[in-house]
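A, B, ... follow the sequence lines: proteins, then strands. Residue 1 opens every chain.
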Amino acid sequence: MQEYLKGLNDQQKEAVEHINGPLMIVAGAGSGKTKVLTTRIAHLMNRGVDAFNILALTFTNKAAAEMKERIEKILGSSEARNLYIGTFHSVFAKIMRAEANKLGYPSNFTIYDTDDAKGVIRDIVKDMNLDDKHYKPAFIYNRISAAKNSLIDPVRYKLDPHITSEDAKSSRPLLGDIYDAYAKRCFRNGAMDFDDLLFKMYVLLVNFPDVLAKYQHRFKYILIDEYQDTNEAQYQIIKLLGAVHENICVVGDDAQSIYSFRGATVKNILQFQDDYDDVKVVKLEQNYRSTQSILNVANKVIANNKNQIEKSLWTSNDLGEKITLVRTLTDNDEGRFVADAITEQKLRNHYHNKDFVVLYRTNAQSRSFEESLRRMNIPYRLVGGVSFYQRKEIKDYLAYLRLIVNQQDEENLKRIINYPARGIGKTSIERIQIAANQYDKTMWEMLQFPDMLGIKGAGASAIENFVVMIKSFQVMLEKGNAYEVAFAVGKHTGLVQELYNDKSVEGLARYENVQELLNSIKEFTETPDEEGELLDKSLGSYLQQITLLTDADNNNDEDQDVVKLMTIHAAKGLEFPCVFAVGLEENLFPSAMSMYSREDLEEERRLFYVVITRAKSRLWVTYANSRYRFGQLVQNDPSRFVDEIPEEYLERNFTGASHKAQSQIGGGFGNSIPKNGNAFEKTPSLKKLAEKIQQKSAPVPQHKPSGDFIADDPMAMEVGMEVEHQKFGFGKILTLEGGANNRIAAIEFKDGHGQKKIMLNYAKLRIVR
DNA sequence: TGATGCTAACTTTTT
DNA sequence: GTTAGCATCA
């Protein structure tokens with residue numbers, strides 16, 4: 001028997017050893033899914049399958065990287081190198097890069113992230129003279145995204161009676177036209193958004209039989225991770241690619257389907273057996289991750305959902321500790337409880353920071369945990385949230401690089417044509433835009449003919465300089481590598497200088513971020529070519545790669561001893577010894593938006609199932625009686641999911657709530673709490689208490705003006721005086737300029753606010769001494 | 001034309 | 001509480 005087959009249980013072995021024909025692996029949480037996938041790939045190759053013929057698709061770069069790494073461990077890196085392993089988006093982007101010309105796109109097409117796409121939509125809404133309060137870009141984006149994920153193009157969108165009536169009902173009858181305009185604009189810009197990478201891939205395969213045949217032949221064996229999260233577009237593409245050989249292996253768990261908002265449909269996994277003949281089904285039901293207590297709770301909770309693939313997850317692990325249910329008064333108390341519990345556990349049970357994770361439903365919940373952890377000096381890292389590549393200074397820099405690679409792209413052209421300021425103002429840009437529309441050219445093309453724009457003098461020469469500069473970068477692109485071009489851009493545009501000159505705290509961070517970007521480009525270009533394979537190190541290749549990276553992928557320093565904070569969605573596939581499931585409150589988890597349909601509610605429950613099953617040995621479930629949302633204190637009942645945890649596995653800890661609050665609330669669960677948010681008005685003592693706790697826990701993030709704050713006359717200010725600002729707190733006046741109506745003070749503030757220029761007409765200052 | 005500060009909107013989850 | 005877009009003034 002092969003070495004790699006040892007240590008597999010019977011079911012796992014059965015899945016690994018199945019070679020030809022469709023295979024569905026129903027893999028319960030913690031049942032060794034990745035192990036089976038990677039071992040199976042190794043086994044295929046061991047049986048003579050060429051690495052070039054294997055395609056493995058995942059949802060995250062992290063999962064792809066992990067798979068690759070594990071296969072390398074079994075086979076050695078030279079064997080594994082030629083495997084095609086990646087996310088749906090990155091694999092399709094790579095293929096599209098080779099085939100884009102067939103669809104009329106440049107091979108260096110730009111990939112728009114969500115922000116870019118919303119920007120295009122905002123422009124279109126403006127052009128159509130619509131109210132963007134009603135035609136909200138985010139709403140429209142979601143609508144278009146849903147259409148693309150269902151493979152509906154603008155023409156079909158406008159003809160579909162169901163869709164049009166829906167849009168009519170929400171009185172947005174022009175959505176179809178916006179979709180149409182958006183698709184055309186992206187095409188003209190030579191750009192694809194995330195959904196296009198799937199949608200256009202499908203179009204490519206359907207319209208070009210030779211291309212389809214090529215990839216069908218190439219990918220004789222296809223493996224798909226997290227199959228329960230695939231959407232219609234992904235489903236159809238897989239069906240096309242696998243149609244000849246039917247060696248499709250899907251791995252998934254219907255109980256962990258949590259992406260329906262992105263068009264994923266559990267139907268794909270539920271119906272897999274109907275899609276192909278002779279589907280081999282293997283169920284992995286032994287859980288190697290969690291204690292019995294945790295697993296039993298998870299099983300009990302998920303049993304409340306209907307419509308599942310039948311399976312019973314079991315474990316031979318110890319019973320373990322009970323689940324701790326924690327009630328606190330406010331969200332800040334919740335944060336404090338978690339920080340305290342971590343400190344205690346580290347002392348008592350010798351855990352490390354990296355053994356803990358805090359999992360929440362929405363990103364906005366991270367604040368109170370960050371504050372409490374910081375106060376306790378516990379190092380932590382926020383996973384997810386704003387990606388490095390979404391920061392303004394990075395997007396500005398990248399906009400140059402993207403324009404150089406793809407001049408069709410107007411979004412990025414507009415972003416930097418006057419940044420740093422070079423005298424090409426609003427009116428000029430507008431003129432260029434109008435002329436471009438008029439002559440049906442791109443804005444870049446119009447820039448070549450400034451006389452046709454009616455722009456003269458300084459404006460014209462500014463444009464000319466800009467064009468010359470961009471062109472010189474393009475010339476460099478032919479000879480230099482990505483890093484050399486990027487470095488030259490930073491230098492010659494003045495971008496780096498501009499950031500360097502900004503000595504404020506934020507400015508310094510921005511400068512450092514840009515340096516980090518340059519380092520990453522350098523690293524990219526310096527990755528050595530591997531034997532037999534020349535890596536594509538062009539700038540275009542780099543840009544396509546990074547747009548598909550998320551923040552979570554970026555943190556490769558796994559071993560750092562820090563507490564992790566993330567959303568439940570981001571935690572999919574991960575495991576931790578100690579898990580805090582926080583914010584278990586009605587309207588938050590389950591989310592207020594999910595309460596109207598059984599399907600949505602069941603997805604929330606699956607989400608709860610995912611949280612529980614992340615835990616190996618300890619699980620805390622917490623909720624707060626009231627929390628700040630929208631900057632306002634609102635009250636929520638405990639989540640209905642809390643009641644689904646069997647009593648025998650629970651241990652209650654209400655130390656976070658005071659006796660007073662407890663007697664107010666009563667011993668029961670939720671039912672005695674007033675339902676609507678005005679409870680505090682009725683019980684002033686409770687309100688005061690909550691406010692007191694709130695104040696005590698606020699770590700001076702924002703200055704509160706002194707009680708005797710009365711603004712002084714701007715003209716009374718003198719250099720060297722100590723003053724108080726309503727927001728920034730205390731500081732010292734460094735310089736003063738301007739007359740009575742335009743007096744500007746440069747002030748060095750304490751408490752990390754740094755140096756700021758304040759216009760004394762608007763911001764009021766109080767002289768301290 | 002550019003910088004500042006104000007306002008409104010925001011909260012589901014992400015490649 | 002935060003942030004992005006906007007209005008406003010020099």
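- A distance-only check finds no donor-acceptor pair linking the side chain of A/D193 to the backbone of A/D113 [under 3.5 Å].
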Check the interface with nucleotides 5-7 of chain C: list each N/O to N/O pair with the protein under 3.5 Å, or write none.
from	atom 1	to	atom 2	distance (Å)
C/dG5	OP1	A/R122	NH1	3.2

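- When atom types are taken as modelled, the side chain of A/T547 and the backbone of A/L543 share a donor-acceptor pair closer than 3.5 angstrom.
- Residue contacts shown for A/S90 are absent, as no nucleic acid heavy atom lies under 4.0 Å away.
- Between A/I424 and A/T567, the residue anchored nearer the 5' end of DNA chain B, judged by the nucleotide with its closest heavy atom, is A/I424.
- Nucleic acid contact for A/A592: none, since no nucleic acid atom lies under 4.0 Å from a heavy atom of the residue.
- Straight-line distance from the CG atom of A/L382 to the P atom of C/dT2: 13 Å, rounded to whole Å.
- Taking atom CG on A/D116 and atom C1' on B/dT15, their separation rounds to 14 Å, with Å as the unit.
- When the C1' atom of C/dT2 is taken as reference, atom CZ of A/R627 falls 16 Å away, rounded to whole Å.
- For A/R172 and A/F139, the positive end sits near the middle of the six-membered ring, less than 6.0 Å away and at most 45° from its axis.
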For A/N465 and A/R422: C-alpha separation, side-chain torsions, deciding distance, then whether side chain to side chain contact (heavy atoms under 4.5 Å, CB included) applies. CA-CA 9 Å; A/N465 288 339; A/R422 54 172 68 86; over 6 Å; no
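- Judged purely by distance below 3.5 Å, without hydrogens or angles, the side chains of A/K94 and A/Q544 never pair a donor atom with an acceptor atom.
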For nucleotides 8-12 of chain B, print each protein N/O atom paired with a nucleotide N/O atom at under 3.5 Å, atom names and distance only.
from	atom 1	to	atom 2	distance (Å)
B/dC10	OP1	A/K136	NZ	2.8
B/dT12	O2	A/R361	NH1	2.6
B/dT12	O2	A/R361	NH2	2.3

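- With no hydrogens or angles considered, a side-chain donor-acceptor pair links A/E226 and A/Q228 at under 3.5 Å.
- Remark: the A/D195 side chain and the A/S145 side chain contain an N/O donor-acceptor pair separated by less than 3.5 Å.
- With A/S639 contributing its side chain and A/F589 its backbone, the two residues share a donor-acceptor pair below 3.5 Å.
- Across the protein-nucleic acid pair, A/Q365 atom CD and C/dG1 atom C1' stand 14 Å apart, rounded to whole Å.
- For A/T114, no side-chain nitrogen or oxygen approaches OP1 or OP2 of B/dT14 to under 4.0 Å.
- The side chain of A/H89 lies closest to B/dT15, out of B/dT15, B/dG2, B/dT13.
- B/dT15 atom C1' lies 11 Å from atom CG of A/D229, rounded to whole Å.
- C/dC6 and B/dT11 have their C1' atoms separated by 22 Å, given to the nearest Å.
- B/dT15 atom P lies 10 Å from atom CG of A/L549, rounded to whole Å.
- Here the side chain of A/S90 pairs a donor or acceptor atom with the backbone of A/T87 at under 3.5 angstrom.
- Rounding to whole angstrom units, CG of residue A/D396 and P of C/dA4 are separated by 13 Å.
- Residue A/D115 contributes atom CG, which lies 14 Å from atom P of B/dT14 at whole-angstrom precision.
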